[in-house]
Amino acid sequence: DVQLQASGGGSVQPGGSLRISCQASGFIFDDWAIGWFRQAPGKKREEVACIDNNNGRTFYTDNLKGRFFISNDNAKRMVYLQMYSLNPDDTATYFCAAGRCTAYPRHIGGYDADMDYWGKGTQVTVSS
């Protein structure tokens, strides 16, 4: 069974940092990209970041670049999202998913995420 388990969410004060993790199992990890997404109440799900486990290439949503950093540990089948300078707008449920990520042309920015498998999310709340 393909499983993607996000963990590490919690409450953090504005300006704080948090690292969340995604544990993957049930598929050939190196053959897939793992993406992070988030969804706040009443809002559409949005892409956050993605990493191609085959070559380590990373992709970011432009408005989060520089605050959020994605990394992986192929041996542990883990993908991490390190988040800095958090603000209340970052409050959301964060999900990880497995699939393919492709960069849009540079003049457009961002990337396309085509995900096949989704995990349950982890809640991140930013408030004072």
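Keep in mind that the numbers below use all heavy atoms, side chains included, and drop hydrogens, waters and symmetry copies.
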Practice problem: Start with the C-alpha gap between T122 and Q5, add the side-chain angles, then the distance that decides, and say whether side chain to side chain contact (heavy atoms under 4.5 Å, CB included) holds. | Solution: CA-CA 9 Å; T122 187; Q5 181 63 56; over 6 Å; no
Quiz prompt | Residue from N54, N53, N72, N74 passing side chain to side chain donor-acceptor pair (under 3.5 Å) with D30 | solution = N74
Quiz item: What are the two closest non-hydrogen atoms of R57 and N55, and how far apart are they?
Solution: N-OD1, 2.9 Å
Self-check item: Full working for side chain to side chain contact (heavy atoms under 4.5 Å, CB included) between M83 and V48
Solution: CA-CA 11 Å; M83 303 178 286; V48 174; over 6 Å; no
Exercise. Measure from NZ or CZ of R19 to the centre of the six-membered ring of F69 and say whether it is under 6.0 Å with the direction within 45° of the ring axis.
Key: no
Quiz item: Minimum heavy-atom separation for G99 to M115, with atom names?
Solution: N-SD, 3.5 Å
Quiz item: Any idea how W32 and F27 line up, ring-wise: parallel (<30°), tilted (30 to 60°), or perpendicular (>60°)?
Solution: perpendicular
Quiz item: Taking atom CD1 of I108 as the centre, does the number of heavy atoms from other residues, nucleotides or ligands within less than 6.0 Å exceed 12?
Solution: yes
Quiz prompt | Distance-only polar pair, side chains of R38 and Y94, donor-acceptor under 3.5 Å | solution = yes
Quiz item: Roughly how far, to the nearest 0.5 Å, is the CD atom of Q82 from the CG atom of L18?
Solution: 7.5 Å
Exercise. List in chain and number order the residues that pass side chain to side chain donor-acceptor pair (under 3.5 Å) with D62, two or more places apart in sequence or in another chain; answer none if no residue qualifies.
Key: none
Practice problem: Could you please spell out the steps behind the side chain to side chain contact (heavy atoms under 4.5 Å, CB included) verdict for F95 and L4? | Solution: CA-CA 9 Å; F95 302 87; L4 294 151; over 6 Å; no
Quiz prompt | Verdict with supporting geometry, F59 and T102, side chain to side chain contact (heavy atoms under 4.5 Å, CB included) | solution = CA-CA 8 Å; F59 308 82; T102 308; 5.7 Å; no
